[in-house]
Protein chains: 2
Amino acid sequence: MSTLPDVRDLKPAGGKRSSKREQILNVFLNEEGHLTAEELVSRVQRDDRRVSRATVYRTIQWMVDAGIASRVDFGDGLARYERSYHHPRHNHLICNKCHRSFEFMSSDIEQLVDEVAASRGFSASQTVVQIHGVCEDCQHGRPAGSDHGLTDLLFARDALRMAIATERSGLEFYTRAARLTKDARGRSIFQKLAEEERHHLGTLEGRYAELLKRDPELETRPTFLFFKGAAHGLFAEGADRLLQGVDDQQALLVGIRCERGSHQFFKKYGERFEDSEGKQIFLEFASEEREHLDLLMREYRALVKRQGRRPRKGAGVPAARGTRQGRRA
Amino acid sequence: MSTLPDVRDLKPAGGKRSSKREQILNVFLNEEGHLTAEELVSRVQRDDRRVSRATVYRTIQWMVDAGIASRVDFGDGLARYERSYHHPRHNHLICNKCHRSFEFMSSDIEQLVDEVAASRGFSASQTVVQIHGVCEDCQHGRPAGSDHGLTDLLFARDALRMAIATERSGLEFYTRAARLTKDARGRSIFQKLAEEERHHLGTLEGRYAELLKRDPELETRPTFLFFKGAAHGLFAEGADRLLQGVDDQQALLVGIRCERGSHQFFKKYGERFEDSEGKQIFLEFASEEREHLDLLMREYRALVKRQGRRPRKGAGVPAARGTRQGRRA
DNA sequence: CTAGGTGCAAATAATTTGCAGAGGC
DNA sequence: GCCTCTGCAAATTATTTGCACCTAG
């Protein structure tokens, strides 16, 4: 039961803050997973016997209205509530044996769900994805480890991992491009781009290291954010041949396309997520890519002004980063 | 309220068949969508006042145990039940305004869900996917059309559509191959393959036409089965060049790869579905492709025996049908 | 001072159960 | 005749409400 440092300070509210509400809220926010109403009642009454069942129920309703809690339903007729404040939207794996549940998020599933809704002209407000079954521990008769509910941290971790993977594949790509490009000016552009990727990568890795300090076991925890098509196949293979005859203008155009793709990709997905640190990372990364993109575009325009626009040979600029290709695991 | 012809005959059971049970079962099976327990009670009591609430509840439990009904939970604390006998597993779009619900199925979502479960070592027994929101009718202030619950028919329709699309793209492919192939024997193999596809396509289209007779509006009803990667991109583009130098042995190998891919694809997906007409179609189509495949393989072996194995030039046989490429809509 | 929060107990709502009698095999 | 099903009414469970009282703003 690790403490959740910053959460309690900012409590958004509405209505009065009474001592009872404060008490119930604190108990609720200190729980990791989700609780049924009755569970919350007994947790609260363990501290203070005088708090009545009705008040807890009413406070739950208030928390839901205020956006602090959200209701989840596992189909057993009990209403469960979980923190939604600073906690990304997610889905559940639900074990029928030990009755624990595990959180995950999959942008690919969300994407498909959106497409289904769109095709029916349905305006979706919330989607529920639940996997009911038997968890790994129960299958192996293991004692059921603790269910660490560090979802926000896991989300941040996975978002950073994705940004890092993207940056890395960008670095690789530009490095290879620099190696292959014959034109000296083109080559130097790619070298510069590679250098920038390296630098940015360093920043991201620093941030990742900092995240690890918050929880030493963070790296070994299971994947929270499932996301294909992010770091895989973002840079087209086989562009090698085409790069050989690329000059500085064309090299900049290649860079622009890559950065634009990356920016759009992270922006698009960052926007789908609920408020949380992971969303922050997505959007920050998107805007960093945007800045980089703007820089490249200014540079490109300046170059054109100096040199005049040269005809582009070969349309073979690699597909934008963020494109879904190479979808296989 | 169309009648459901064959459903009532086969009722799987267990325990005694009393007149009350029979009554309740009939009422339940004649409903299209899902019912809450109370709704079923009042429907039943409309026919026969003497049936008690408790009996209905007990009979519901019996139906669930017998696999006739299954429970769905929309998160409002009411247990709902829907027919599961001869009704494919599916997911729901749930309208918050008119409280109707619409069914859909997406193999792509199921696929992703399976991958999430697998990555956590979770043995999934059931997955719930619900899209809550506002339906098209309610958004436009329209009067809320009837909710036709012909899911099984829709599934059959979509399964057939998919088989037809596959067959069609096979036909196109073999036709093009026959046009392009320079080697006379290779060409005649492709012509034969095209002819077979045409014939099979005819069969499928006949079956489709028969389906339409059961419900004249069937074609205009919304998509039930969402499925990318089925008919799209099954045959690789750009194989044209490679086909030119293909002889009869190689042409057969091309056909074998295509039919094998198609067989595996439909088998794999047919197996995921619950018992219903659509599943039938998937599995039938898979086994027809299998037969075709076996035929081609026998033919290939005979050819090799007659002619001896010739070296294959160019590995450029198109990717197997059923491969996921060209995933874009 | 007063709107809103709180406790208690009673009300509701969905579903289950105990028990005596009825009905299928 | 036995075992299961059925009806009725009472019990249980989860949640909400009425009402008198209390407290923060």
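Naming convention: chains lettered A, B, ... in sequence-line order (proteins, then strands); numbering from 1 in each chain.
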Asker: Under the rule for side-chain hydrogen bond (donor to acceptor under 3.5 Å, both in side chains), what residues qualify as partners of A:T55, not counting sequence neighbours?
Answerer: A:S52
Asker: Students often mix this up, so state it plainly: with edges at 30° and 60°, are the rings of A:F227 and A:F282 parallel, tilted or perpendicular?
Answerer: parallel
Asker: For B:L35 and C:dA14, what is the distance between atoms CG and P respectively, to the nearest whole Å?
Answerer: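 Nearest whole value for this atom pair: 15 Å.
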Asker: According to side-chain contact (heavy atoms from CB on, under 4.5 Å), who are the partners of A:S276, at least two apart in sequence or on a separate chain?
Answerer: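 Expected list: A:P88, A:D152, A:F155, A:K279.
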Asker: What are the atom names and distances for every N/O pair under 3.5 Å that joins the protein to nucleotides 8-15 of chain D?
Answerer:
{"residue": "D:dT15", "atom": "OP1", "partner": "A:A79", "partner atom": "N", "Å": "3.2"}
{"residue": "D:dT15", "atom": "OP2", "partner": "A:Y57", "partner atom": "OH", "Å": "2.9"}

Asker: Among residues two or more places apart or on two chains, list those pairs meeting ring-ring contact (aromatic ring centres under 6.0 Å, His included) that have a residue in residues 117-140 of chain B.
Answerer: none
Asker: Using whole Å, what does the distance between atom P of nucleotide D:dC5 and atom CD1 of B:I60 come to?
Answerer: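 Roughly 16 Å, once rounded to whole Å.
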Asker: Looking at five pairs on each end of the helix from C:dC1-D:dG25 to C:dC25-D:dG1, what is the angle between the two axes, given to 10 degrees?
Answerer: 30°
Asker: Under the rule for side-chain hydrogen bond (donor to acceptor under 3.5 Å, both in side chains), what residues qualify as partners of A:R50, not counting sequence neighbours?
Answerer: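 Counting only residues at least two positions away or on another chain, A:R50 forms a side-chain hydrogen bond (donor to acceptor under 3.5 Å, both in side chains) with A:D48.
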Asker: What are the residues of residues 94-101 of chain B, sorted by number, that bring a heavy atom to within less than 4.0 Å of DNA chain C?
Answerer: none
Asker: Whole Å only: how far is the CD atom of B:Q23 from the C1' atom of D:dG7?
Answerer: 14 Å
Asker: What is the separation between atom CH2 on A:W62 and atom C1' on C:dA3, rounded to the nearest whole Å?
Answerer: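 Roughly 16 Å, once rounded to whole Å.
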Asker: Calculate the interatomic distance between B:Q61 atom CD and C:dT15 atom P; express it in whole Å.
Answerer: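 Rounded to whole Å, this separation is 11 Å.
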Asker: Thinking salt bridges, do B:E115 and A:K228 make one under a 4.0 Å N-O criterion?
Answerer: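 A salt bridge is present here (some side-chain N lies under 4.0 Å from a carboxylate O).
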Asker: Tell me the interatomic distance from A:D76, atom CG, to C:dA14, atom C1', rounded to whole angstroms.
Answerer: 14 Å
Asker: Sequence neighbours left out, what pairs pass salt bridge (charged side-chain N to carboxylate O under 4.0 Å, His left out) with at least one residue falling in residues 117-144 of chain A?
Answerer: A:R100-A:D137, A:D137-A:R142
Asker: Can you tell me the distance, in whole Å, between the CD atom of A:E22 and the C1' atom of C:dG5?
Answerer: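 Interatomic distance, CD of A:E22 to C1' of C:dG5: 13 Å.
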Asker: Looking at residues at least two apart in the chain, or sitting in another chain, which of them share a side-chain hydrogen bond (donor to acceptor under 3.5 Å, both in side chains) with A:S106?
Answerer: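 Here no residue qualifies.
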Asker: Mind checking what makes side-chain hydrogen bond (donor to acceptor under 3.5 Å, both in side chains) contact with B:E110, not counting sequence neighbours?
Answerer: B:R89, B:R272
Asker: Can you run down the ring-ring contact (aromatic ring centres under 6.0 Å, His included) pairs that involve residues 32-51 of chain A, sequence neighbours left out, and say none if there aren't any?
Answerer: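 Those involving residues 32-51 of chain A are A:H34-A:F74, A:H34-A:H92.
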Asker: Which residues pass the side-chain contact (heavy atoms from CB on, under 4.5 Å) test with A:T36, not counting sequence neighbours?
Answerer: A:E38, A:E39, A:L78, A:R80
Asker: Send over the distance from A:K20 NZ to D:dC22 P, rounded to a whole Å.
Answerer: 12 Å
